[in-house]
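Comments concern the structure below.
Just follow the structure's listing: the first ligand is 1, and inside any ligand the first atom is 1.
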Amino acid sequence: MALKLESGAKLVVATHNPGKARELAEILDNRFVLVTAGELGLPEPEETEQTFVGNALLKARAAAQRSGLVAIADDSGLSVAALEGQPGVYSARWAGPTRDFGLAMKKVEARLEEAGRDDLSAWFTSALAVAWPDGPAVVVEGRIDGTLAFPPRGDKGFGYDPIFVAEGRAETFGEMNPAEKDRISHRARAFEKLKAALL
Ligand code: ITT
């Protein structure tokens with residue numbers, strides 16, 4: 001039987017990142033009744049996989065099993081071409097235990113200087129996984145390409161947004177109106193694929 005998500009279904013948004021939770025709520029809004037992992041007191045699983053897809057599935061499955069509800073999880077990150085795709089799945093970890101993204105963005109700049117590379121190409125990836133408590137799951141991936149800009153600009157987004165300029169744009173994601181970011185982002189692109197698969 002094909003997996004389907006009925007409009008109006010109750011869905012756990014399995015993230016502990018408030019910036020992501022806000023974007024997912026905006027992208028999923030009006031289609032589902034959303035509850036957050038925080039509201040349900042769900043633990044944050046350790047991200048032991050080496051890929052966005054693997055970690056998104058791991059987080060969605062953990063939340064679905066714990067809550068008994070259908071769960072959606074996002075695993076995402078920034079990849080820098082001149083750094084062989086780093087920080088990638090380690091994007092959150094580059095910000096250290098206090099999740100200091102000022103520090104993480106400085107680290108990206110310092111690593112580029114060390115590497116002596118002037119290629120500023122980068123991309124964001126979002127893997128979105130939906131898991132059912134009885135086992136089945138679906139996962140998709142979206143990506144947006146762009147270039148890095150230093151110093152960081154704008155305080156509208158989260159994470160690495162202040163240093164990322166999407167292809168064809170002049171402003172960073174940190175300067176972009178949130179509704180516009182939600183229209184074009186890696187997360188929005190992943191959701192388009194999810195819609196095609198599940199809605
Ligand atoms: P959860 O696992 O609880 O969802 P997390 O922050 O640990 O939260 P990830 O492991 O997926 O999530 O880490 C992804 C990191 O990549 C995230 O902390 C951001 O800093 C960065 N990132 C992902 N999407 C981003 C976006 O749209 N804009 C800026 N940075 C983003």
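Relative orientation of the H186 and F173 rings is parallel, given thresholds of 30° and 60° on the angle between their planes.
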N/O donor to acceptor pairs below 3.5 angstrom from side-chain atoms of residues 191-199, sequence neighbours left out:
{"residue": "E192", "atom": "OE2", "partner": "K195", "partner atom": "NZ", "Å": "3.1"}
{"residue": "K193", "atom": "NZ", "partner": "E141", "partner atom": "O", "Å": "2.6"}

Residues 121-129 side chain polar contacts: donor-acceptor under 3.5 Å, at least two apart:
{"residue": "S121", "atom": "OG", "partner": "D119", "partner atom": "OD1", "Å": "2.6"}
{"residue": "S126", "atom": "OG", "partner": "D74", "partner atom": "OD2", "Å": "2.8"}

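Residues E180 and R169 are paired through a salt bridge, judged by an N-O separation under 4.0 Å between the basic side chain and the carboxylate.
Sorted by chain and number, the heavy-atom contacts of ligand 1 below 4.0 Å come from T15, H16, N17, K20, E44, E47, K59, D74, D75, S76, G77, S91, A92, R99, F101, F124, F158, G159, Y160, D161, K181, H186, R187.
One hydrophobic cluster, built from ILVMFWY side chains closer than 4.5 Å, holds both I184 and I163.
In the hydrophobic clustering (ILVMFWY side chains linked at under 4.5 Å, chained through shared members), L103 stands by itself.
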